[in-house]
Amino acid sequence: MSKYPFKDIEARWQKYWEENKTFKVSEDPAFPRDKRAYVLDMFPYPSGAGLHVGHPEGYTATDIYCRYLRMNGYNVLHPMGFDSFGLPAENYALKTGTHPSITTQENINNFLKQIKSLGFSYDWDREISTHTSEYYHWTQWIFLQLYKAGLAYESDMPINWCPDCMTGLANEEVLDGRCERCGQQVERKNLRQWVFKITEYADKLLEDLDTLDWPDSVKAMQRNWIGRSEGANVVFHTEGGDPIEVYTTRPDTLFGATYMVLAPEHALVEKITTAGQKAEVEEYVRQANLKSDLERTELAKDKTGVFTGAYAINPLNGEKIPVWVADYVLISYGHGAIMAVPAHDERDWEFAKKFKLPIIEVLSGGNVEEEAFTGDGPHVNSGFLDGLGKEEAISAVIKHLEEKKIGTGAVNYKLRDWIFSRQRYWGEPIPLVHCEKCGIVPVPEDQLPLELPPTDNFHPSNTGESPLANIEEWVNCECPECGGKGRRETNTMPQWAGSCWYYLRYIDPKNTGRFISKEAEDYWMPVDLYVGGAEHAVLHLLYSRFWHKVLFDLGLVKDKEPFQRLINQGMITSFAYQRKDKSLVPTDQVEEKDDKYIEIETGEEVTQVIAKMSKSLKNVINPDDIIRDYGSDSMRMYEMFMGPLQVSKPWQTKGLVGVNRFLNRVWDIAEREITDEEPSKEMLKVLHKTIKKVNDDTRDLEFNTGIAQMMIFINEAYKLDECYRGLWEPFVLLIAPYAPHLAEEMWRMLGHEDTLAYETWPEFIEELTKDDEKEIVVQINGKVRCKMMLPAGTSPDEMKAAAHAQEKVKEWTDGKTIVKEIAIPDKLVNIVVKG
RNA sequence: GCGAGAGUGGUGGAAUUGGUAGACACGCUGGUCUUAGGAACCAGUACCUUCGGUGUAAGGGUUCGAGUCCCUUCUCUCGCACCA
């Protein structure tokens, strides 16, 4: 059998769809609300490396779903675009002098070619790129709305600085003390920053998670990141009268506070330190400043600290307790100071043990000499709290604190404000002007977009300012308010800015007068299904939710949440080989011999393991090669056949060959003589079972099992000599979302003139999916002993009777007492015997 | 440590949610056709020595019946991690 001519077929239909704008979509009022769907892919960053096999996975899934919806009478918005601001293009420019706009456009063109070669049904008239001024006009406009709402402020706080990327980072962009993008250790650096008050939205961001159909893991990560806790603020005073405010989730343990700790950066450290302790404290603070975040968290499990010489008074019992400085207290959380209750907090317990500080039990139930007791129990040594449990005591003590005006109930978050400015060139200019007289003045909205000035000097200035600071004619401007001397903001926006609202712009991408029209937004929003990688669980998804909520509060959009349903596609991994010492061997240095994997150089046996695709392991699959050798329909189907969409799974080119073989068989049938004769009853049954299964599985995004059912159908249809129209027309429509090029070609072979993209999805006839006879399992004591064929719907009594007529049953029940008999219609009979 | 999820043949994975474990595919074995095939087609393929028995990470429980429900343990993946 010859290979089917996928090259011709795929090129022809891609051209047809493009020329006929087959998938162009409009806000057609004829579709009722429940027949409109917005299905969105996370748009890619157009990197120089091109598409990897992970991209087509999610894109194919949504494409299949969209094609399915269209054939079921839906009006489907399915757009694609590019997240095209970002550091790699700028770093490349630094190296080569090629302007980022040039490399970016080249990369976009390459991505477009690659994406289009997979035959996705995007409405390309809605394509956007975030780096174009038509787009970032409105990114800047939205920034101004946030600014005018009082949600953006300037700050001089120390921030995370990546020396490699030469820019500040948001807290979310730092992982284990390293830059999320390049892995370089981040440093602390004092820089003027623009910051968004995302913390004002902490509660809304938390609460509304409950309304979303998202994976639990993503919701959990966001909850964890927001990190809401309830407790109390309590004010202590030093003997010298300086107030030290602390936040605690356990105000009930106040009587057990035996010392206090300030973070090394705390403003009071210098003031309260006594002369005798001064040298020691200063040295400790200096050392703490030198340590990276990584060293202060990961490596510093061993507690360190220094006594300030100062004492504070416990406001509840008047006890005098020492004040220490230690870097296990973080300046960025709460007030940067704590009351330490070693008896009931593990960290404080460790510290107290090390520095021989007193441990006073105030809640019984554990042995506080052995370890901190964090459980519940009756309070002791706690004055008016004695006898109360944890929750009651917390309420009681907060009431007491508030009455005495020495503290209040309080809520705290781990979430911190979003550091929004970047000290680089290739991003949206922040549309603000610094005026000597008027202060900070927004660029008037009618002057947007504020275009990124052309330059060939992309070097960041050493002052921590962006390269824009070097472009005199751009930086110096008139103040929009007073006409006096102004200087433009030289920071640019982070890459997240463009992706914060791109899903909105798709709705009305050509609108020059407004970011989107209300009508179009009302027609499509919210996004019904959003598919993308899990790496954006916190960053992109939290930021865009924040922007959307702000736009909602400003009355600019109608929904509180942008993405109703979210699915993370699993990563496509690859096989690699591991030596005994767990080190990995590149794929090209291993050969298979007698079912064993051998490292060629050493002759040692290695084991096959699953690993991420990486250049160093030589196990990267390039989609272009696969499409060239097997066609994009094979590529699409294989990626869906590998396993469930949501889980990670290893690429096996052998598996793809199997899918390609399947499509060749499909083609083989399509080329047979077409007959209008009625197909056999058996074949009709297989067909209708297939329609049912493929319909349900496509609807539920369980593509792997849907494909398996199509294979079952083809295995049967392959045995026939002719191509029965009655079987083939429905089948071609079923496979169309999965292998659209091949399906279009076969549809034409069946004599149809038009694209099948809007044909009616086949319906199954329930009656035809049912078997007349069912195989019934007969069990004795739960073990299968024999099987029998009975008419479907046979009554339990008749089933039991039929079972007893079986030879095997007689053998197994002979001479034994029948205790119980269970019959499940169309399934099984179980006879329980004794003796 | 905390949170989320997962452990099924040689491999990727199925199993209508408590009812025949291993669908479909890869690989492998044998065969057919070929000058040849790393092509195509057909058949077989969980394990064990036969009647039969054993099998879904391990152990226990509920049930006529457990991959599926409950308890205990182990392993792996991902995320967070001195957040007071």
Side-chain angles (χ1 to χ4, degrees), chain A residues 1-3 175-176 215-225 227-229 231 246-250 253 261 296-298 300-303 326-330 332-341 344-348 350-351 412-416 534-535 537-538 568 570-571 573 575 592 595 608 610 638 641-644 646-659 661-662 664-665 668 692-693 696 702 704-712 714-715 718 775-784 786-787 819-824 826-833:
Chain A
M1 189 175 71
S2 62
K3 293 226 170 208
L175 301 175
D176 293 334
D216 285 338
S217 59
V218 176
K219 290 194 196 182
M221 274 191 243
Q222 294 215 350
R223 281 196 194 99
N224 185 27
W225 190 261
R228 185 181 197 274
S229 74
V246 300
Y247 171 75
T248 174
T249 55
R250 295 294 306 275
T253 62
V261 184
R296 278 180 66 163
T297 56
E298 218 172 69
K301 290 293 174 198
D302 194 29
K303 300 264 181 303
D327 66 4
Y328 83 91
V329 172
L330 309 173
S332 51
Y333 185 77
H335 306 283
I338 60 157
M339 64 172 207
V341 184
H344 306 287
D345 181 285
E346 282 164 25
R347 298 150 300 180
D348 298 344
E350 234 179 86
F351 192 83
N412 227 321
Y413 303 91
K414 283 203 266 184
L415 180 73
R416 287 176 238 156
E535 66 273 20
V538 177
N568 294 131
M571 199 183 343
T573 54
F575 286 117
E592 201 178 339
D595 294 338
Q608 191 179 55
I610 286 167
Y638 171 61
F641 186 62
M642 290 170 83
Q646 295 88 341
V647 305
S648 78
K649 45 225 168 239
W651 179 277
Q652 298 178 93
T653 301
K654 286 264 173 64
L656 174 122
V657 173
V659 170
R661 200 172 291 162
F662 162 71
N664 273 315
R665 286 157 71 94
D668 192 84
K692 184 175 162 64
K693 180 81 177 146
D696 293 357
E702 290 166 2
N704 54 331
T705 48
I707 294 171
Q709 182 62 40
M710 288 193 255
M711 288 173 168
I712 293 173
I714 289 302
N715 287 345
Y718 198 72
E775 190 185 49
I776 306 297
V777 169
V778 182
Q779 298 179 330
I780 309 290
N781 287 346
K783 292 208 160 83
V784 180
C786 64
K787 294 165 185 178
V819 181
K820 199 172 181 181
E821 288 178 311
I822 297 106
I824 308 293
D826 296 342
K827 293 277 184 196
L828 62 77
V829 176
N830 189 11
I831 300 167
V832 186
V833 295

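Just so we're on the same page: letters track the sequence lines, and every chain starts at 1.
In this structure, A:Ile610 and A:Pro650 approach most closely via the heavy-atom pair CD1-CG, 3.8 Å. Scanning both residues, A:Tyr247 and A:Gly334, for their nearest heavy atoms gives CB-CA, 4.3 Å. A:Asn830 approaches A:Asn781 most closely through the heavy-atom pair OD1-N, 3.6 Å. Of all the heavy atoms in A:Asn568 and A:Val218, the pair that sits closest is OD1-CG2, 3.1 Å. A pairwise comparison of heavy atoms in A:Asp348 and A:Ala340 identifies OD2-CA, 3.3 Å as the closest pair. Minimum interatomic distance between A:Met339 and A:Arg250 (heavy atoms only, all atoms of both residues): CE-O, 3.7 Å.
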| remark: Under the rule of Watson-Crick or G-U wobble with both distances under 3.5 Å, where | means paired to another strand and [ ] a crossing pair, RNA chain B maps to (((((((..(((......[....)))((((((.......))))))(((...)))..(((((..]....))))))))))))....
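Spacing of P atoms, B:U16 relative to B:G22, comes out at 13 Å, to the nearest Å. Atom P of B:G10 sits at a distance of 35 Å from the matching atom of B:C2, rounded to the whole Å. B:U54 and B:U50: their C1' atoms are spaced 15 Å apart (whole Å). Nucleotides B:A15 and B:U63 are separated by 29 Å at their P atoms, to the nearest Å. Nucleotides B:U75 and B:U56 are separated by 16 Å at their C1' atoms, to the nearest Å. B:U11 and B:C80 have their C1' atoms separated by 34 Å, given to the nearest Å. Across the P atoms, B:U72 and B:A4 are found 15 Å apart, a figure rounded to whole Å. Annotation: B:G9 and B:G55 have their C1' atoms spaced 10 Å apart (nearest Å).
Between the side chain of A:Gln222 and the main chain of A:Ala537, a donor-acceptor pair closer than 3.5 Å is present.
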Any protein N or O atoms within reach of nucleotides 6-11 of chain B? Criterion: under 3.5 Å, listing atom names and distances.
residue : atom : partner  : partner atom : Å
B:U11   : O2'  : A:Gln652 : OE1          : 3.2

Nucleotide N/O of nucleotides 74-80 of chain B paired with protein N/O under 3.5 Å:
residue : atom : partner  : partner atom : Å
B:C80   : O2'  : A:Asn224 : ND2          : 3.3

Short N/O separations, protein against nucleotides 17-20 of chain B, under 3.5 angstrom:
residue : atom : partner  : partner atom : Å
B:U20   : O2   : A:Lys787 : NZ           : 2.9
B:U20   : N3   : A:Glu775 : OE1          : 2.9
B:U20   : O4   : A:Glu775 : OE1          : 2.9

Could you go through nucleotides 22-25 of chain B and list every protein N or O atom that sits under 3.5 Å from one of its N or O atoms, giving the distance for each pair?
residue : atom : partner  : partner atom : Å
B:A25   : OP1  : A:Asn715 : ND2          : 3.0

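What separates CG of A:Asp327 from C1' of B:A84 is a distance of 15 Å, to the nearest Å. Rounded to whole angstrom, the span from the CG atom of A:Asn568 across to the P atom of B:G5 amounts to 13 Å.
The ring-ring contact (aromatic ring centres under 6.0 Å, His included) check on A:Trp225 picks up nothing, with sequence neighbours excluded. Applying the salt bridge (charged side-chain N to carboxylate O under 4.0 Å, His left out) rule to A:Lys649 yields the partners A:Glu57; only residues at least two apart in sequence or on another chain are considered. In terms of the salt bridge (charged side-chain N to carboxylate O under 4.0 Å, His left out) criterion, residue partners of A:Asp345 (sequence neighbours excluded) are, by chain and number, A:Arg347. Scanning for ring-ring contact (aromatic ring centres under 6.0 Å, His included) contacts around A:Tyr638 gives A:Trp651, with sequence neighbours left out. The side-chain contact (heavy atoms from CB on, under 4.5 Å) check on A:Lys414 picks up A:Asn224, A:Tyr333, with sequence neighbours excluded. With sequence neighbours excluded, the residues that form a side-chain contact (heavy atoms from CB on, under 4.5 Å) with A:Lys693 are A:Asp697, A:Thr705, A:Gln709.
A:Lys827 contributes atom NZ, which lies 11.5 Å from atom CD of A:Glu775 (distance to the nearest 0.5 angstrom). Between the CG atom in A:Asp668 and the CD1 atom in A:Ile714 there is a gap of 10.0 Å [rounded to 0.5 Å]. Once rounded to the nearest 0.5 Å, the distance linking OG1 of A:Thr248 with CD1 of A:Ile338 reads 8.5 Å.
Syn is the conformation of B:U17, whose glycosidic angle sits no further than 90° from 0. Applying the 90° cutoff around 0 to the glycosidic angle, B:G65 is assigned anti.
Among the atoms of the strands shown, only primed sugar atoms or phosphate atoms (P, OP1, OP2) are found under 4.0 Å from some heavy atom of A:Ser229. When heavy atoms are screened at a 4.0 angstrom cut-off, A:Pro644 is found touching the sugar-phosphate backbone but no base atom.
If you find the closest nucleotide of RNA chain B to A:Pro650 and to A:Tyr333, the one lying nearer the 5' end belongs to A:Pro650. RNA chain B is contacted by both A:Val218 and A:Leu415; A:Val218 maps to the nucleotide lying nearer its 5′ end (nearest heavy atom per residue).
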| query | A:Arg665 and A:Asn715: side-chain hydrogen bond (donor to acceptor under 3.5 Å, both in side chains), yes or no, with the steps? | reply | CA-CA 9 Å; A:Arg665 286 157 71 94; A:Asn715 287 345; 3.1 Å; yes
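Open room surrounds CD on A:Glu346; 12 or fewer heavy atoms of other groups in view lie less than 6.0 Å from it.
Looking at A:Glu821 and A:Val829, their side chains never come closer than 4.5 Å, going by heavy atoms from C-beta outward.
A cation-pi geometry, defined here as NZ or CZ lying under 6.0 Å from the six-membered ring centre and within 45° of its normal, does not hold between A:Lys303 and A:Phe351.
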| note | Quick tally for nucleotides 46-51 of chain B: nucleotides whose base has a protein heavy atom under 4.0 Å get B, sugar-phosphate-only ones S, the rest -, giving ------
